[in-house]
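None of the values given here were measured: they were computed from a predicted structure.
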Amino acid sequence: MMKMRWWRADASEVMAVTAMGVWEAVLAGGGRRFIKRKDSDAGETGRALEELRSSLYNEMHSSESAKRQQMRFCGPSVSLTFNFAVAVGIIMANKMVMGSVGFKFPIALSLIHYAVAFVLMATLKTFSLLPVAPPSKSTPFSSIFALGAVMSLSTGLANLSLKHNSVGFYQMAKIAVTPTIVVAEFMLSQKKVSTQKAITLAVVSFGVAVATVTDLEFNFFGACVALAWIVPSAVNKIFWSSLQQSGNWTALALMWKTTPITIFFLLTLMPLLDPPGLLLFSWNFRNSCAIIISALFGFLLQWSGALALGATSALSHVVLGQFKTIVIMLSGYLIFGSDPGITSICGAVVALGGMSFYTYLGLKKDSATSGKKAPSRQNSFMAKPKVAADNDSADSEQEDNV
């Protein structure tokens with residue numbers, strides 16, 4: 001029995017030694033290469049995951065990617081439709097604030113709108129949901145400051161004009177914004193409007209004037225406010241459109257930069273243009289909720305307007321505003337039974353026809369531009385140069401075509 005146990009112990013030792021020898025032989029051969037290959041695969045996987053993480057970070061935290069995402073999801077049709085829907089909603093909200101609530105402080109109302117917008121954007125920034133702004137070197141601070149100042153004048157004077165003028169005179173001032181934009185764009189950037197578009201814009205303005213200008217009650221102070229509002233309104237639209245289209249600014253990023261400046265200028269305008277008694281207003285729950293709802297619509301209107309200006313142009317945004325006026329008037333006639341008169345209806349039809357033709361001209365120009373760019377890209381990709389210098393020149397041509 002002792003011999004048997006000794007043999008068993010020796011056999012187990014022999015088996016252990018044999019297994020270790022086989023394992024060393026495997027490691028000495030292809031096993032070590034196998035482990036090294038596994039280690040290299042793990043390193044490549046880690047590098048791939050790191051590259052994926054960095055690309056996702058750049059996609060979420062770079063101004064170029066944010067601008068591409070805005071252009072992808074908020075094209076001209078989406079942004080214009082969004083702006084149109086919000087504009088109808090804020091008309092109802094402001095009617096409730098100015099009418100039933102009796103809040104007679106237009107500059108203070110604009111200030112509340114921008115203050116609520118700033119709080120909402122600060123919340124988005126806290127959760128890293130606000131798009132990143134381009135580097136400060138790409139856009140000087142003077143441009144941002146000028147845009148904020150012009151925006152405060154445009155918004156404040158528009159509400160003040162609506163308070164002191166009749167609806168007809170207010171519409172006349174809005175119609176005057178169209179030729180002001182044409183002149184301002186030519187003076188600032190040498191941008192010209194084709195003859196067809198100029199005639200179409202004149203027809204649209206004439207139709208809107210006939211459709212909406214029914215009560216031209218003249219008020220000297222109101223007329224001065226309306227005339228002072230025309231130029232800032234036109235320049236505001238031009239600045240918003242040019243900054244977004246020339247740089248990597250998104251609508252929210254540009255709003256975040258300009259809103260504090262706008263609030264500052266509205267604070268300076270409020271004691272000069274608003275009547276006294278703001279603190280004596282009845283700030284009960286009902287009135288406060290109505291003002292907050294109006295402020296939320298104001299934020300959406302500012303955002304949708306910035307999206308529309310970034311996707312289209314200042315003139316297109318003005319035509320959209322006139323389209324909203326005509327649609328609201330015709331809706332009142334068709335749905336609520338109001339009778340604007342045959343002259344106003346004919347003017348609305350003329351305005352809608354001019355707007356439709358203006359849209360057709362814009363779509364025709366876009367299709368012609370895309371048709372011209374496509375062959376040049378195809379030729380640049382089809383040409384396969386053999387020399388390194390030719391490769392560099394071909395790459396530079398492709399960058400110019402993009």
### Query
Hey, are the side chains of Lys257 and Phe141 touching, using non-hydrogen atoms and a 4.5 Å cut-off?
no
### Task
Measure from NZ or CZ of Lys192 to the centre of the six-membered ring of Phe186 and say whether it is under 6.0 Å with the direction within 45° of the ring axis.
no
### Message
Can you confirm whether Ile107 sits close enough to Leu272 that some side-chain heavy atom of one is under 4.5 Å from a side-chain heavy atom of the other?
### Response
no
### Query
For Val182 and Lys197, what are the C-alpha separation, side-chain angles and deciding distance, and is it a side chain to side chain contact (heavy atoms under 4.5 Å, CB included)?
CA-CA 11 Å; Val182 175; Lys197 279 193 173 183; over 6 Å; no
### Query
Ignoring hydrogens and geometry, is there a side-chain-to-backbone donor-acceptor pair from Ser233 to Ile230 under 3.5 Å?
no
### Query
What's the shortest heavy-atom distance between Asn83 and Gly305, and which atoms?
ND2-N, 3.3 Å
#### Entry: CG on Leu267 to CG on Leu111, rounded to 0.5 Å
5.0 Å
### Query
For the atom pair CD1 (Ile263) and OG1 (Thr258), what is the distance rounded to the nearest 0.5 Å?
9.5 Å
### Query
Is the closest side-chain heavy-atom distance between Leu300 and Phe82 below 4.5 Å?
yes
## Note on the structure
So CD1 of Ile292 and CD1 of Ile112: to nearest 0.5 Å the spacing works out to 7.0 Å
### Query
Just wondering, do Met270 and Leu278 contact through their side chains at under 4.5 Å, heavy atoms?
yes
### Message
Give me the atom names and distance for the closest heavy-atom approach of Ala253 to Pro131.
### Response
CB-O, 3.8 Å
### Message
Determine whether a donor-acceptor pair (N or O, by modelled atom type, separation under 3.5 Å) exists between the side chain of Ser152 and the backbone of Ala149.
### Response
yes
### Query
Does Asp274 reach the main-chain N or O of Ala108 with its side chain, forming a donor-acceptor pair under 3.5 Å?
yes
### Message
Suppose we screen for side chain to side chain contact (heavy atoms under 4.5 Å, CB included). Which residues come up paired with Ser241, at least two apart in sequence or across chains?
### Response
Gln245, Leu309
### Message
Ignoring hydrogens, what is the shortest heavy-atom contact between Met121 and Phe299? Give both atom names and the distance.
### Response
CG-CE1, 4.0 Å
### Query
Passes side chain to side chain contact (heavy atoms under 4.5 Å, CB included), Leu254 versus Trp240? Steps please.
CA-CA 8 Å; Leu254 195 54; Trp240 271 98; 3.3 Å; yes
## Note on the structure
Correct closest heavy-atom pair for Ala306 and Ala251 would be CB-CB, 3.6 Å
#### Entry: Residue pairs fulfilling ring pair (Phe, Tyr, Trp, His ring centres under 6.0 Å) with at least one residue in residues 93-119, sequence neighbours excluded
Phe103-Phe105, Phe103-Phe281, Phe103-Trp283, Phe118-Trp256
### Query
Roughly how far, to the nearest 0.5 Å, is the NZ atom of Lys125 from the CG atom of Leu120?
15.0 Å
### Task
Mark yes or no for whether Ser294, through its side chain, and Ala290, through its backbone, hold a donor-acceptor pair below 3.5 Å.
no
### Task
Kindly indicate, with the supporting measurements, whether the criterion side chain to side chain contact (heavy atoms under 4.5 Å, CB included) is fulfilled by Asn236 and Thr155.
CA-CA 10 Å; Asn236 179 36; Thr155 306; 5.6 Å; no
### Task
Taking the side chain as every heavy atom from C-beta outward, state whether Met151 and Phe239 have any atom pair closer than 4.5 Å.
no
### Task
Please check if the side chain of Thr126 supplies one atom and the backbone of Ala122 the other of a donor-acceptor pair under 3.5 Å.
yes
#### Entry: Inter-residue atom distance Leu109.CG - Leu160.CG, 0.5 Å rounding
12.0 Å
### Contact check, side chains of Val177 and Trp229, non-hydrogen atoms, under 4.5 Å
yes
### Task
Over all heavy atoms of both residues, which pair between Ser304 and Val86 is shortest? Give the atoms and the distance, please.
OG-CB, 4.2 Å
### Task
Please examine the side chains of Ser143 and Leu147, heavy atoms only from C-beta on, and report whether any two atoms are closer than 4.5 Å.
no
#### Entry: Spacing of Ser100 atom OG and Asn287 atom CG [to the nearest 0.5 Å]
8.0 Å
### Query
Among Leu315, Val203, Ile199, which residue meets the side-chain contact (heavy atoms from CB on, under 4.5 Å) test with Tyr358?
Leu315
### Task
Heavy atoms only: give me the nearest Ser205-Ile175 pair and the separation to one decimal.
CB-CG2, 3.5 Å
### Query
Can you check whether Val150's main-chain N or O pairs, donor with acceptor, with Ser154's side chain at less than 3.5 Å?
no
### Heavy-atom donor-acceptor pair, Thr262 side chain to Gly148 backbone, under 3.5 Å
yes
### Message
Are the side chains of Lys237 and Thr180 in contact, using a 4.5 Å heavy-atom criterion?
### Response
no
